[in-house]
2 protein chains.
Amino acid sequence: MSKAQTLSPLLEQCDLAARTIKLLAHPQRLMILCYLSEGSKSVGELQRLCGCSQSLISQFLARMKSEDLVTHYREGKFVRYEIRNRQILQLIRALHKIFCP
Amino acid sequence: MSKAQTLSPLLEQCDLAARTIKLLAHPQRLMILCYLSEGSKSVGELQRLCGCSQSLISQFLARMKSEDLVTHYREGKFVRYEIRNRQILQLIRALHKIFCP
DNA sequence: TTGACATATTAACAAATTATAATATGATAA
DNA sequence: TTATCATATTATAATTTGTTAATATGTCAA
């Protein structure tokens, strides 16, 4: 029995939005997305830029991929990630305007 | 020894932004803020609108108050909450545009 | 092939969050 | 006053998230 049946339309939308917002609600994950909003990056580049361990970056990226915030493609030895979601891009830009004036 | 010393400026900004974003990253808390973005509401009103327990609503509001997303004032028996933070209002409006088209 | 580099996955644990229940405080009306 | 309604606080169990370490996989160059 899915929970969605009983949710008000507004709560449903908040539920959906919150699932995406959750992924931005972390300093380094947000930073990853900021960098990706400028263009695709390899895992190693993100690692250096954000100062996280390789494992942690990979886990973050996997999670963001599973929620469709990012996609990836292989380029030789490297795997490059990018934002392929108009909503996320809009959101990052809005956050930038609001928090980095 | 504070951690801030060693943070890059970008990470510092992400850190700050993420602290605020965290509070939106929950279905009912987001819903509370959506309703508050239309004007002040009492705790009881929010409780009914969001379908949360009284205790939970109070806890959410207390947390959002402690991070300066909302303020409150007493009006007789009731306590009314409102958004008193330009950034938050902008953010809620941006989210609305992006997620409720 | 093998070695080296790049990335992913898994397990395990610590820390934070969410939700519920119980109780406390504060205001008003009778 | 006291009863009642509105809200806040506290304690705590359940769950989720964050982090590290160890190991696995995949690709290329020698």
Side-chain angles (χ1 to χ4, degrees), chain A residues 3 6-7 11 14-33 35-36 40-83, chain B residues 3 6-7 11 14-33 35-36 40-83:
Chain A
K3 194 172 145 204
T6 68
L7 294 179
L11 186 49
C14 286
D15 208 66
L16 205 67
R19 250 165 57 197
T20 295
I21 296 170
K22 244 176 221 167
L23 291 174
L24 312 200
H26 180 285
Q28 267 106 355
R29 271 194 319 255
L30 183 54
M31 205 172 171
I32 289 175
L33 289 170
Y35 280 120
L36 289 184
S40 75
K41 301 262 179 301
S42 74
V43 178
E45 284 172 324
L46 290 171
Q47 190 182 335
R48 266 164 263 128
L49 287 166
C50 299
C52 295
S53 75
Q54 184 270 314
S55 172
L56 196 49
I57 290 275
S58 266
Q59 290 181 63
F60 285 160
L61 289 170
R63 214 165 132 199
M64 296 199 267
K65 188 156 65 72
S66 83
E67 296 275 354
D68 283 321
L69 303 212
V70 300
T71 46
H72 69 305
Y73 56 96
R74 185 167 275 276
E75 201 178 69
K77 277 212 273 197
F78 305 93
V79 176
R80 299 188 69 85
Y81 281 79
E82 61 187 356
I83 297 182
Chain B
K3 193 170 144 204
T6 66
L7 295 178
L11 187 49
C14 287
D15 207 68
L16 207 67
R19 252 166 55 197
T20 296
I21 296 170
K22 243 177 222 166
L23 291 175
L24 314 200
H26 180 286
Q28 268 105 354
R29 266 192 324 252
L30 183 53
M31 206 172 172
I32 290 175
L33 290 170
Y35 279 119
L36 290 183
S40 74
K41 301 263 178 300
S42 74
V43 178
E45 285 172 323
L46 290 171
Q47 190 181 334
R48 267 164 261 128
L49 288 166
C50 300
C52 294
S53 74
Q54 183 271 313
S55 173
L56 195 50
I57 289 276
S58 265
Q59 288 180 63
F60 284 160
L61 289 169
R63 209 165 136 202
M64 294 198 270
K65 188 157 63 72
S66 84
E67 294 275 355
D68 283 322
L69 304 211
V70 300
T71 47
H72 70 305
Y73 57 94
R74 185 168 275 275
E75 199 177 70
K77 277 212 272 198
F78 305 92
V79 176
R80 299 188 69 85
Y81 281 79
E82 61 186 358
I83 296 181

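Order of the sequence lines sets the chain letters (A, B, ...), proteins ahead of strands, with each chain counted from 1.
- Contact annotation: the side chain of A:Leu46 approaches that of A:Leu61 to within less than 4.5 Å [non-hydrogen atoms, C-beta and beyond].
- None of A:Glu82, A:His72, A:Glu45, A:Arg80 except one satisfies the side-chain hydrogen bond (donor to acceptor under 3.5 Å, both in side chains) rule with A:Ser40; the exception is A:Arg80.
- At whole-Å resolution of the value, CZ in B:Arg63 and P in C:dA19 are 11 Å apart.
- For B:Lys77, whose side chain is taken as the heavy atoms from C-beta onward, the closest listed nucleotide among C:dT9, D:dT10, D:dA6 is D:dA6.
- The CD-P distance, from B:Gln54 to C:dA19, rounds to 15 Å in whole Å.
- Side-chain N/O atoms of A:Ser55 and base N/O atoms of D:dA21 include a donor-acceptor pair closer than 3.5 Å.
- In this structure, A:Ser53 and A:Glu75 both approach DNA chain D, and ranking their closest nucleotides by distance from the 5' end singles out A:Ser53.
- In terms of position along DNA chain C, the nucleotide closest to A:Leu61 lies nearer the 5' end than the nucleotide closest to the other residue of the pair A:Leu61 and B:Leu56.
- A:Gln59 contributes a side-chain N or O that forms a donor-acceptor pair with the base of D:dT20 under 3.5 Å.
- A heavy-atom distance below 4.5 Å is not found between the side chains of A:Met64 and A:Leu36.
- Straight-line distance from the NE2 atom of B:His26 to the P atom of C:dA16: 18 Å, rounded to whole Å.
- Of the possible donor and acceptor atoms, one in the side chain of A:Ser66 sits under 3.5 Å from a partner among the backbone N and O of A:Arg63.
- Counting to the nearest Å, the P atom of C:dC5 and the CZ atom of A:Arg74 are 16 Å from each other.
- For the pair A:Ile32 CD1 and C:dT7 P, the computed distance is 13 Å after rounding to whole Å.
- The phosphate of C:dA8 (OP1 or OP2) has a side-chain N or O of A:Tyr81 nearer than 4.0 angstrom.
- Distance, B:Met64 CE to C:dT18 C1': 14 Å, rounded to whole Å.
- When side chains are defined from C-beta on, A:Asp68 does not count as touching A:Thr20, because their heavy atoms never get closer than 4.5 Å.
- Picking from D:dG18, D:dT20, C:dT20 the nucleotide with the shortest atom distance to the side chain of A:Arg29 gives D:dG18.
- Counting any heavy atom pair closer than 4.0 Å across all strands shown, A:Arg80 reaches no nucleic acid atom.
- Residue B:His72 has its side chain nearest to D:dA8 when only C:dT7, D:dA8, D:dA22 are considered.
- In this structure, CG of B:Leu46 is placed 10 Å from P of D:dA8, rounded to the nearest angstrom.
- Sequence order on DNA chain D of the closest nucleotides to B:Ala62 and A:Lys22 puts B:Ala62 first from the 5' end.
- If you take CD of B:Gln47 and C1' of D:dA8, they are 12 Å apart, rounded to a whole angstrom.
- Among the heavy atoms of the strands lying under 4.0 Å from A:Ser42 are primed sugar atoms or P, OP1, OP2 only; no base atom is included.
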